[in-house]
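By convention in this document, chain letters (A, B, ...) are assigned in the order of the sequence lines, proteins followed by strands, and residues within each chain are numbered from 1.
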Amino acid sequence: MKERYDPHEIEEKWQRKWAEAKIYESDPDQDNEKKFFITIPYPYLNGNLHAGHTRTFTIGDVIARYKRMLGYNVLFPMGFHATGTPIVGLAEQIQKKDPETIRVYNKLHEIPLDVLDTIQTPEQIVEYFSREAEAAMKSIGFSIDWRRKFTTTDPHYQKFITWQFNLLHSKNKVVKGAHPVRWCPNDENPVEDHDILRGEDATIIDYTLIKFKLDNDILPCATLRPETVFGVTNLWVNPENHHVRIKVNDETWIVSKEAYLKLKFTDKNVELEGDVSAEELIGKKVKNPVTASYVLILPASFVSPGNGSGIVMSVPAHAPYDYLALRDLKGKELAKYGITEDVSSIPLISLIKVPEYGKYPAVDAVNELKVKDQNDPKAEEATKFVYRREFHGGVLTETTGKYAGMAVSKIKDVLTHDLISLGIADVFYEFSEQPVICRCGATCVIKMVKDQWFLNYSEPSWKEQVYKCLAGMQIIPPELRVDFENKVDWLKDKACARRKGLGTRLPWDKEWMIESLGDSTIYMSYYIIAKYLDKFKPEQLKDEFFNYCLLGEGTPENAAAKTGIDIGVLKGIRNDFMYWYPVDLRTSGKDLIPNHLLFFLFHHVAIFPDTLWPRAIAINGFVSLEGEKMSKSKGPLLTLKSAVKEFGADITRLYILSTAEHVQDADWRAADVESTRKQIERFYKTAFDIIHDKNNVEEAGELKFIDKWMLSKLQYRIQETTDALNKMQTRRAVQNAFYLLMNDMKWYERRGGSAARKKVLGTWIRLMAPFTPHICDEIEEELGGKFISLANYPEADPSLIDKGAELAEEITGNTLRDIEEIIRLIKIKPKRIVLYTAASWKKTVLKKAILMKKENALDMKNLMNALMSDPTIRAYAKEIPKFAQKVITDIQGMDAELMSSLIDVDFDEISALNEAREFLGRAVECPIEISSADAPGYDPQGKSRQANPMRPAIYIE
RNA sequence: GCGGGGGUAACCAAGCGGCCAAAGGUGCAGGACUUAAGAUCCUGUUGCGCAGGCAUUCGUGGGUUCAAAUCCCAUCCCCCGCACCA
């Protein structure tokens, strides 16, 4: 141990020693059933590891180290993710020498230009970044078992994925289906988020299309509120719009031209037959397929051809636009459409009852907002009000027949489903915002992708299993459990095959590549196999291999025969698997909750028995840089490598852990890291001084109050740290194990304590070892130990908790503060200070009062009675009532622990103050005298009578 | 729209019914040390106060309670996710 702290020298030294001693390489230990299998999502290899990874991985490493020190056999492996499209895309950009890509990878990812020239293919990219990632993780001291690393593009891994999908396929978890996607008609490709120029917030909304009949034609009306079909009084057609007649499958529909163009991309067969003029429609009567009543088609200007089918069903009781349009027709000449009746007298049909409005909410809303007509912007506002209130508080009335009494918020799916099965409705997809423009400039549409492979996550029985799994799991922090449950509920079928990118092909349909989130769900089990990869060729990893090793199906003999793998090896792998599985903890950034972590659960429950389902998930937030969001592709970006290079591993670790808790985002600020560096340096220096201070070698002798106080404090710090780590509150853990303990030590040294320093140091480095392993090992070595990672984590020793010492120190601290405050206020240089401890009768009063409080019997009357019956106290009858009143008030706001201390602990304030006398005198630069109010001695102002228990009176002159 | 998370002193951030004028850190101010700077340590950092005190504060407005930053109701504002993309 050198006098000057050199993080890089120390860190390289210990990383080398750890690797040489292989202390993080874990294998099943038959003598230790306490195993702990912790995993972290493997990083995606399209860039260098950054501060976000650093946070998630460091949290995992801390837990791994902590568990190891608690005596668990810990397995902490790591792999790399490379499947999918981004790496292929990156290779193309690099080959093209795209200036932006070159800049980003040179400047942000810190890859020298000459090196960038050598990583042109996806394979080279994967090779390069996996090497860099491993080096970076080693440089920060993660306690990973590197024998188990792999990359998802490895041929062996592809066999694993093949097996898995065959299995899911056979269990009917992978099915064929169709799904709407954002589609660029120009590129003829689905459009991803980052390919969108405009309208990136647009989501796909499914409208219900209700088929009104006009002779042999169908007029479909798109609606988000299919229940309102019961209140339709007419249809709306805009005479300005262009309408067409089209053949849809075996039906004939009339829609706007725009709707026709959209329908062409659905999974329906659509053929254009010809134009239809609005005049052909308006004035005709159509049949409502649900109520079988006939309603008129009327003209309205608000109907937009680009929205829905371009034909709108009118529900004036509940839709302000419909009501307004109907009202606008009053007195208009409609004879040219052959309409002779007075349409404004068409009766409204109410079907939703809502507390805020009367029978016709649309009418109330229009009147309330004084909307003029259908072109008034306020119509939009009125619509919002009505829709929101009806959705949240509305209930269907008798008008809706068998649906009466249902909540509006629940009806949509049920009714749509019913109507579709009757053949009188369909689904129509539409963007929530328009237009949506692709990067190429084309307007995007919604396309039904047909014959797509799906993981049918929406299957209720599968979800049931996941709920069951979740119920048995620990979610950290616990508040997120409800989030997980909601997301399981929300998850729909997921397309799991793609045409492009790296990956494994679908074994039964080789045109398709397995999508890259689908191949990352149960790979934790692969870490167990990965250790043995040099023992077999990819071709040997037939399904029988995995069936036996991971599922225990079939016999080892059969598996050996099929694969040509040694039967002993197979049995060994099976044993390893059963030892390590299930995953005890998976820690991850919060971005993976709605995708990867969900799939992780779904696939585990689908493939493994419940005894092997994951035990816990822990979530953490992101990392920003100086308040700015980090971005891999735009910057700013801080790589793990450069952070360690600049600050060293321990400082980086400690800082990133201490700056935020759990799901909160952490903000990396250079100024704060700098201060962490100073703290660590102080820690190092303190340790160095303690070890090399010759005067302290002999530490025997009577422990003073202050020594007992220090040891007592240490126990609390241990308790808090342990408790925090058990809840994975790394920030709180660091706070206690480092910063607060550091402050305790400062105070201890300032108070002249020394006898307990070495003892504290020995515990302290163990407490800190999971966070800053290198520096702790360096100090441990100097203390004569070896590999602190393998030492035991400190346990609080209740016998060292000393309430008396703590009270003594509290009195000392408070008294010092009081003296200083008085000096500051009266602005004199004190020449003489006298402290008076409280009269003993006051202590008796306080104790009696606390005892009464504990029995809930504390009031003035009871207390006075008790006091007056005590002859030793009655002597002070004159002073008692006032003091008793004060005591009662004080106790009201006192916490239980302090109360207990005050009655249980018997210690002498005088001796406590006497021990601190010299210190206090030095601190205020004035000699201090101490006496008791029982015999005050020198007391010119009678201050001693003000002395209270725990609060000595102070006289200054 | 749906779902989740937040609003605490100059800033970051703990606390989530009473030792709370509110941990810890940063910044700022003063002091000690030093030839000086830096580092380190101490003190202060809502207002008032020449004796350890008082008053007012935890987005805003109500309420419950002996007691509220903490519980309830209402309200305003901010952030994140909503999919075929890792």
Side-chain angles (χ1 to χ4, degrees), chain A residues 41 43-44 46 81 83-87 179 181-182 190-195 201 203-205 224 384 387-388 391 409 432 449 452 454-455 479-480 482-484 486-487 489-498 501 515-518 520 590-596 621-622 627 629 632 658-661 663-667 669 671-672 674-676 678-679 681-682 685 731-732 734-736 738-740 742-743 746 749-750 810 814-815 817-828 889-899 901 923 941 943 946 950-956:
Chain A
Y44 191 74
N46 68 340
H81 192 199
T83 39
T85 52
I87 288 174
H179 194 72
V181 296
R182 280 186 303 219
V191 187
E192 293 164 15
D193 269 348
H194 57 266
D195 283 335
D201 291 335
T203 53
I204 296 174
I205 296 178
L224 284 169
K384 269 193 181 154
Y387 284 18
R388 190 178 305 156
F391 183 81
S409 56
S432 61
V449 179
Q452 169 72 281
F454 285 89
L455 283 156
E479 307 89 85
L480 285 183
V482 59
D483 203 21
F484 270 93
N486 285 339
K487 297 251 153 68
D489 186 41
W490 152 93
L491 191 67
K492 294 185 198 156
D493 289 353
K494 168 143 178 45
C496 63
R498 293 185 59 84
E515 186 272 329
S516 75
L517 285 172
S520 307
K590 61 184 175 188
D591 51 327
L592 298 187
I593 298 175
N595 44 71
H596 163 71
F622 305 135
K629 200 176 159 183
K632 269 203 230 187
S658 65
T659 185
E661 197 81 283
V663 67
Q664 287 171 340
D665 293 344
D667 190 24
R669 303 184 192 199
D672 291 358
E674 201 45 55
S675 104
T676 301
K678 286 174 192 161
Q679 299 275 31
E681 275 170 3
R682 191 198 152 92
K685 185 176 181 308
R731 179 199 152 98
R732 192 177 133 224
V734 164
Q735 195 86 206
N736 279 279
F738 191 62
Y739 292 100
L740 294 178
M742 178 84 88
N743 285 349
K746 276 189 204 169
E749 293 190 358
R750 190 174 163 213
E810 201 175 322
N814 287 343
T815 305
R817 229 162 295 131
D818 286 347
I819 296 173
E820 283 174 337
E821 187 172 351
I822 294 167
I823 291 173
R824 196 168 51 247
L825 280 171
I826 61 179
K827 297 191 180 79
I828 61 161
T889 322
D890 286 354
I891 288 177
Q892 287 295 359
M894 201 180 269
D895 88 340
E897 206 175 315
L898 179 60
M899 279 195 264
S901 299
Q941 295 180 1
K943 288 278 179 194
Q946 290 175 14
M950 296 295 294
R951 201 87 201 258
I954 299 165
Y955 170 73
I956 298 178

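Of the candidate nucleotides B:A86, B:C82, B:G18, B:A86 has the atom lying nearest to any side-chain atom of A:Y44. Distances were taken from every side-chain heavy atom of A:L491 (C-beta onward) to each of B:C84, B:A83, B:A86; the shortest belongs to B:A83. Which of B:G24, B:G49, B:U40 sits closest to the side chain of A:Q735 comes down to B:G24. Looking at the side chain of A:L898, the nearest of the listed nucleotides B:C19, B:A23, B:G52 is B:C19. For A:E821, counting side-chain heavy atoms from C-beta on, the closest listed nucleotide (B:A83, B:A51, B:G49) is B:G49. Nearest to the side-chain atoms of A:W490 among the listed nucleotides B:A86, B:A83, B:G4 stands B:A83. For A:L740, the listed nucleotide lying nearest its side chain is B:G24; candidates were B:A86, B:G24, B:A51. Nearest nucleotide to the side chain of A:D895, out of B:C42, B:C84, B:C19: B:C19. Nearest nucleotide to the side chain of A:K746, out of B:A86, B:C41, B:A51: B:C41. When distances are taken from the side chain of A:E810 to each of B:C19, B:A83, B:A86, the shortest belongs to B:C19.
Across all strands shown, A:E515 has heavy atoms under 4.0 Å from sugar-phosphate atoms exclusively, and none from any base. Here A:I204 lies out of heavy-atom contact (under 4.0 Å) with every strand. A:F391 comes within 4.0 angstrom of nothing in the nucleic acid, heavy atoms only. Across all strands shown, A:H179 has heavy atoms under 4.0 Å from base atoms, whether or not it also approaches the sugar-phosphate. Within 4.0 Å (heavy atoms only), A:T85 reaches sugar-phosphate atoms of the nucleic acid but no base atom. If you check every strand for non-hydrogen atoms under 4.0 Å, A:P43 touches nothing. In this structure, A:A923 reaches neither bases nor backbone, as no heavy-atom distance under 4.0 Å exists between it and the strands shown. Base engagement by A:K943 is indicated by at least one non-hydrogen atom pair under 4.0 Å involving a base atom.
Residue A:K678 has a polar side-chain atom (N or O) positioned under 4.0 Å from OP1 or OP2 of B:A39. Neither OP1 nor OP2 of B:G25 sits under 4.0 Å from any side-chain N or O of A:S675. Taking side-chain N and O atoms only, A:N46 has no distance below 4.0 Å to OP1 or OP2 of B:A86. Of the side-chain N and O atoms in A:R817, none sit less than 4.0 angstrom from OP1 or OP2 of B:G44.
Across the interface with RNA chain B, nearest-nucleotide mapping of A:D591 and A:Q946 shows A:Q946 to be the residue nearer the 5′ end. The 5' end of RNA chain B is approached more closely, in terms of each residue's nearest nucleotide, by A:E897 than by the other of A:N814 and A:E897.
The gap from the P atom of B:C82 to that of B:A9 amounts to 32 Å, rounded to the nearest Å. Atom name P, nucleotides B:C42 and B:C33: the rounded distance is 16 Å, in whole Å. Between B:G47 and B:C11, the distance separating the two P atoms is 15 Å to the nearest Å. Nucleotides B:G15 and B:C58 have their C1' atoms positioned 10 Å apart, rounded to a whole Å. Between the C1' atoms of B:C71 and B:A83, the separation comes to 39 Å (whole Å). B:U40 and B:G53 have their C1' atoms separated by 35 Å, given to the nearest Å. For the C1' atoms, the distance linking B:U26 with B:G44 amounts to 16 Å, nearest Å.
Rounded to whole angstrom, the span from the CZ atom of A:R824 across to the P atom of B:U45 amounts to 7 Å. In this entry the distance linking NZ of A:K590 with P of B:G81 reads 9 Å, nearest Å. Between the CG atom of A:N595 and the P atom of B:C84 there is a distance of 12 Å, rounded to whole Å. Rounded to an integer number of Å, the gap from A:I823 CD1 to B:C42 C1' is 14 Å. Between the CZ atom of A:R682 and the P atom of B:C41 there is a distance of 5 Å, rounded to whole Å. Following rounding to the nearest Å, A:N736 (CG) and B:G24 (C1') show an atom-to-atom distance of 10 Å. For the pair A:E681 CD and B:C41 P, the interatomic distance rounds to 12 Å; values are reported in whole Å. For the pair A:E479 CD and B:G5 C1', the interatomic distance rounds to 10 Å; values are reported in whole Å.
Considering only heavy atoms from C-beta on, A:K632 comes within 4.5 Å of A:N46 through its side chain. Side-chain contact between A:S658 and A:Y739 is present, with at least one heavy-atom pair separated by less than 4.5 Å. The shortest distance between side-chain heavy atoms of A:T676 and A:T659 does not fall below 4.5 Å. For the pair A:E479/A:V663, no side-chain contact is recorded, criterion being any heavy-atom separation below 4.5 Å from C-beta on.
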Heteroatom pairs (N/O) under 3.5 angstrom, protein to nucleotides 8-13 of chain B:
unit_1 : atom_1 : unit_2 : atom_2 : d
B:C12  : O4'    : A:R669 : NH2    : 3.0
B:A13  : O2'    : A:R731 : NH2    : 2.5

Would you check, one step at a time, whether the test salt bridge (Lys or Arg N to Asp or Glu O under 4.0 Å) holds for A:D818 with A:R951? CA-CA 10 Å; A:D818 286 347; A:R951 201 87 201 258; 2.8 Å; yes
Where do A:K590 and A:D665 land on the side-chain contact (heavy atoms from CB on, under 4.5 Å) test, with the steps shown first? CA-CA 10 Å; A:K590 61 184 175 188; A:D665 293 344; 3.0 Å; yes
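Between the side chain of A:K827 and the base of B:C50, no donor-acceptor pair of N or O atoms lies under 3.5 Å. A donor N or O paired with an acceptor N or O is found under 3.5 Å between the base of B:G52 and the side-chain atoms of A:D818.
By the 6.0 Å contact criterion, NZ on A:K746 is enclosed, its count of non-hydrogen atoms from other residues, nucleotides or ligands being greater than 12.
Between A:I822 and A:I956, the shortest heavy-atom distance links the atoms CG2-CD1, 3.7 Å. Of all non-hydrogen atoms in A:D493 and A:F454, the two that sit nearest each other are CB-CD2, 3.8 Å. In plain terms, the two heavy atoms of A:K827 and A:R824 that are nearest each other are CG-O, 3.4 Å. In this structure, A:Q452 and A:A497 approach most closely via the heavy-atom pair OE1-O, 3.4 Å.
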In dot-bracket form, 5' to 3', how is RNA chain B paired? Count Watson-Crick and G-U wobble pairs only if both distances fall under 3.5 Å, and write | where the partner sits on another strand. ((((((((.[[[..)..(.....]]]((((((.......))))))(((....)))...[[[[[..)....]]]]])))))))....
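In this structure, the side chain of A:H81 does not engage the main chain of A:P41 through any donor-acceptor pair within 3.5 Å.
Note that the CG atom of A:L491 and the CG atom of A:N595 stand 9.5 Å from one another [nearest 0.5 Å].
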